[in-house]
Amino acid sequence: MIALVDCNSFYASCELVFRPDLIGRPVVVLSNNDGCVIAANKEAKALADIPMFQPVFKIKKELIANKVVFFSSNYTLYGEMSQRVVNILKTFSSKVEVYSIDESFIDLSTVPHEELETFGHQIKNTIYRLTGLPVGVGIAKTKVLSKLANKMSKKIPNKNHVCVINSDDDRVEALKWSPVTSIWGIGKKHSERVIAIGVATAYDFTQLPLAWVRKEMTVVGECIWRELRGESVMEFITEPKKKKAIGTAKSFGKKLESLDIIEEACSYYVGEVAEVLRTQNSCASAIHVFLVTNFFSMRDKQYSNSITVKLAMPTNDTFVLVTEAKKALHLIYKEGYKYKKVGVNLLGITPEEYVQGNLFKIPTESKKALTKVVDELNVKFGKLKVSSALVGTRVKEWELIKEERSPRYTTQWKEILTLKDK
DNA sequence: TCTGGGGTCCTAGGACCC
DNA sequence: TCTGGGGTCCTAGGACCC
């Protein structure tokens with residue numbers, strides 16, 4: 001059996017752990033640049049119409065009228081709280097698959113069937129006691145079914161946030177309860193197609209001929225079909241796989257026209273992704289750079305372009321990567337547009353130890369020591385405190401807007417929570 | 001005025017190899 | 001008229017996830 005443990009309204013819940021004074025009030029967390037709503041607690045969800053991913057400006061009046069509390073996103077805090085949850089899960093099972101920042105699968109094959117429900121409650125209660133975060137637990141034979149059980153644990157009130165799909169009767173009942181649109185892995189496009197041929201519930205979906213599913217929805221659809229029928233086919237991944245691409249792309253705080261400022265933002269992002277690359281001991285053999293104007297704007301002229309450049313030799317050296325990214329950016333930049341976003345992607349990622357030289361270049365150790373020191377300084381003193389001068393110093397002109405970011409309570413001594421006597 | 005960011009997997013088709 | 005058979009690698013595009 002497999003459990004899916006998922007934190008409720010994760011980002012909003014993290015904020016509330018440190019602001020108990022806000023409990024009971026509607027709380028939302030905003031995306032980068034405070035652009036969209038990306039998380040809302042149940043009080044905020046209960047207010048009519050706060051759909052996720054709504055641009056804030058469209059619903060600002062409504063939010064203010066309802067005295068909703070806003071937070072800018074604070075990924076440092078969420079990442080660290082997530083780690084705490086994972087550490088607790090590891091005390092319940094030796095096999096834990098971290099699926100996302102707020103969800104993990106855990107293997108429960110050693111727990112007797114009749115104890116699963118109690119075990120689920122223990123997990124839920126322990127996480128709440130040690131972190132203050134509420135979670136839901138779904139337990140079933142396969143990953144797709146445990147996702148479904150998790151959904152039921154939250155939607156069906158008497159489940160009290162723990163739901164076990166134990167017998168085959170349970171399974172059929174669950175399938176008939178679930179609309180096909182909410183099955184994990186079946187998105188908007190595929191839902192529309194199966195609804196068109198008369199499928200309404202997950203149960204209906206499992207009654208489709210496998211050949212049709214395979215043909216119309218590829219092997220991905222076939223896996224879902226099998227898992228819903230109780231056949232476990234998805235791998236349990238306990239070791240995080242090395243990333244095959246590492247990228248970042250963020251909208252600027254304001255629109256930018258001049259190449260040199262965009263260049264600085266681009267270089268800064270390269271610095272970020274290069275650091276991730278080094279932490280997984282890999283090198284990139286190509287770099288992809290793209291540049292776009294604000295495509296929502298009806299007035300501005302639109303332009304976007306991208307370019308992929310192959311490197312002479314795979315590398316994880318920030319200095320080389322920044323230089324190459326800048327050259328690439330120069331090739332796609334055109335004057336006279338108001339740019340909204342620049343992005344970089346590192347591709348062709350290979351393990352550091354396999355990097356080969358070529359006729360003209362051999363891999364060199366010379367800068368490794370420097371890079372190592374720079375990385376260590378940044379761990380100690382904060383993100384990108386030390387970086388290539390190519391990155392520049394005009395960060396303020398392009399950086400993200402985060403007006404309501406909470407303190408980094410758990411990772412910065414200066415921002416630690418303080419308790420006062422009244 | 002203001003509209004997120006970071007990923008994965010699959011398939012088809014083209015270019016190329018022997 | 002008839003035009004091989006077995007591959008790999010890469011890219012673009014589609015669909016999906018949180």
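Predicted, not measured: the structure shown is a model, and the values here were computed from it.
- Rounded to whole Å, atom C1' of B:dT3 lies 7 Å from atom NZ of A:Lys58.
- A:Gly348 and A:Ser285 make their closest contact through O-OG, 2.6 Å (heavy atoms, listed as atom of the first residue, atom of the second, distance).
- Looking at the side chain of A:Phe57, the nearest of the listed nucleotides B:dT3, C:dT11, C:dC17 is B:dT3.
- When every heavy atom of A:Lys67 is checked against every heavy atom of A:Arg25, the shortest pair comes out as O-NH2, 3.2 Å.
- Regarding A:Tyr78, its OH atom lies at a distance of 15 Å from the C1' atom of C:dC18, rounded to whole Å.
- Nucleotide C:dC16 holds its P atom 12 Å from the CD1 atom of A:Ile183, rounded to whole Å.
- For the OP1/OP2 pair of B:dC2 and a distance below 4.0 Å, the side-chain nitrogens and oxygens of A:Lys255 include at least one atom meeting the criterion.
- B:dC18 and C:dG5 make up a base pair, with Watson-Crick or G-U wobble contacts both under 3.5 Å.
- Of the N and O atoms on the side chains of A:Tyr78 and A:Gln83, not one donor lies less than 3.5 Å from an acceptor on the other residue.
- The residue A:Ile186 sits close only to the backbone: its heavy atoms come under 4.0 Å of sugar-phosphate atoms, none of a base.
- The two residues A:Glu15 and A:Ser406 have their closest heavy-atom pair at OE1-OG, 2.7 Å.
- Distance, A:Asp102 CG to C:dC17 C1': 12 Å, rounded to whole Å.
- Going from atom CZ of A:Phe10 over to atom P of C:dC18 covers 15 Å, rounded to whole Å.
- Atom-to-atom, NE2 of A:His288 to C1' of C:dG13 comes out at 13 Å; the value is rounded to the nearest Å.
- Under the 3.5 Å distance criterion, with hydrogens and angles disregarded, no donor-acceptor pair is assigned to the side chains of A:Thr142 and A:Arg226.
- Here the CG atom belonging to A:Leu417 is positioned 10.0 Å from the CZ atom belonging to A:Arg19, to the nearest 0.5 angstrom.
- A:Phe252 has its side chain out of reach of A:Lys338: every pair of non-hydrogen atoms, C-beta onward, lies at least 4.5 Å apart.
- Atom pair A:Met234:CE and C:dC16:P shows a separation of 14 Å (rounding to whole Å applied).
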- Note on the structure: Reading nucleotides 4-10 of chain B from 5' to 3' and marking B where a protein heavy atom lies under 4.0 Å of the base, S where only the sugar-phosphate is that close, and - otherwise, the string is BSSSSSS
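- Rounded to whole angstrom, the span from the NZ atom of A:Lys338 across to the P atom of B:dT1 amounts to 11 Å.
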